[in-house]
Amino acid sequence: MQTAQNIAQNRAAAAAGLKAAVRILDKWRATGEQGEAILRVSHSTYARARRGDITEIKLDSDQLTRISYLLNIHASLRVIFDNPENLYGFVNMVNHNPYFNGRTPLEIMGSGDFAALYETFKRVDSLRGGQW
């Protein structure tokens with residue numbers, strides 16, 4: 001059984017993760033609609049996170065996993081690229097590799113489909129030598 005303190009800590013951690021994910025999406029130049037779809041959050045929650053107005057939030061396991069994938073995509077890109085143009089611009093670059101087929105990673109993730117986020121993560125992570 002969770003205590004009130006554990007619940008508050010979990011909600012604070014979820015808020016911190018959400019705010020970090022939104023900051024990354026902003027640096028990737030994602031639209032609000034793309035960010036909302038990728039993270040599967042409401043327009044008002046996304047806007048509050050963008051403003052930094054969230055200190056605690058209850059998110060479900062799907063939303064937390066989406067945040068985790070997004071943060072891990074960013075971490076992989078930080079390993080691959082040392083310049084900000086590629087670090088933050090990669091997701092907006094047309095990619096002709098299999099799966100992307102001339103689309104950008106952000107375009108694929110922006111569909112909001114969980115599998116699209118996972119597949120994008122898997123492919124970006126493989127660029128840094130990640131093993132699956």
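- L127 and F121 fall within the same hydrophobic cluster, where Ile, Leu, Val, Met, Phe, Trp and Tyr residues are linked whenever their side-chain heavy atoms come under 4.5 Å apart, directly or through other members.
- Salt-bridge check for R128 with D125: passed, with a basic side-chain N closer than 4.0 Å to an acidic carboxylate O.
- T65 and S68 are not linked by any side-chain donor-acceptor pair at a separation below 3.5 angstrom, with hydrogens and angles left out of the test.
- Remark: I67 CD1 to N72 CG distance equals 12.0 Å, nearest 0.5 Å.
- With values rounded to the nearest 0.5 angstrom, K19 atom NZ is found 15.0 Å from R50 atom CZ.
- Checking L18, I38, V22 one by one against Y46, the side chain to side chain contact (heavy atoms under 4.5 Å, CB included) holds for a single residue, V22.
- The hydrophobic cluster containing L71 does not contain V79, counting ILVMFWY residues as joined when their side-chain heavy atoms lie under 4.5 angstrom apart, directly or transitively.
- A single hydrophobic cluster is not seen to contain both I80 and V94; linkage of ILVMFWY side chains at heavy-atom distances under 4.5 Å, directly or through other members, places them apart.
- Of the inter-residue distances, the one linking R11 atom CZ with N6 atom CG reads 12.0 Å to the nearest 0.5 angstrom.
- Cluster membership for I108 and V91, using ILVMFWY side-chain heavy atoms within less than 4.5 angstrom, is not shared.
- When the shell of 6.0 Å around CZ of R78 is examined, it contains 12 or fewer heavy atoms from other residues, nucleotides or ligands.
- A 4.5 Å side-chain heavy-atom check between I54 and I57 finds at least one atom pair inside the cut-off.
- One finds the CG atom of D53 at 9.5 Å from the OG1 atom of T55 (value rounded to the nearest 0.5 Å).
- Across every non-hydrogen atom of A116 and S111, the tightest pair is CB-OG, 3.8 Å.
- Remark: D60 pairs with R40 by the salt bridge (Lys or Arg N to Asp or Glu O under 4.0 Å) rule, at least two apart or across chains.
- Contact check for W28 versus L70: side-chain heavy atoms found under the 4.5 Å cut-off.
- By the neighbour-count criterion of 12 heavy atoms within 6.0 Å, atom CG of N101 is densely surrounded, having more than that number from other residues, nucleotides or ligands.
- Contact annotation: the side chain of L117 approaches that of I73 to within less than 4.5 Å [non-hydrogen atoms, C-beta and beyond].
- To the nearest 0.5 Å, the span separating CD on Q63 from NZ on K58 amounts to 10.5 Å.
- Residues in residues 88-110 take part in these ring pair (Phe, Tyr, Trp, His ring centres under 6.0 Å) pairs, two or more places apart or across chains: H74-Y88, F81-F90.
- Between the side chain of R66 and the main chain of G112, a donor-acceptor pair closer than 3.5 Å is present.
- Between T104 and N92, the shortest heavy-atom distance links the atoms CG2-O, 3.3 Å.
- A pairwise comparison of heavy atoms in L64 and A14 identifies CD2-CB, 3.9 Å as the closest pair.
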Any chance you could lay out the side chain to side chain contact (heavy atoms under 4.5 Å, CB included) test for L106 and Q34, step after step, and finish with the verdict? CA-CA 8 Å; L106 185 58; Q34 286 173 318; 3.6 Å; yes
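- With sequence neighbours excluded, the residues satisfying salt bridge (Lys or Arg N to Asp or Glu O under 4.0 Å) with R123 are E119.
- Interatomic distance, Q9 CD to E56 CD, rounded to the nearest 0.5 Å: 10.0 Å.
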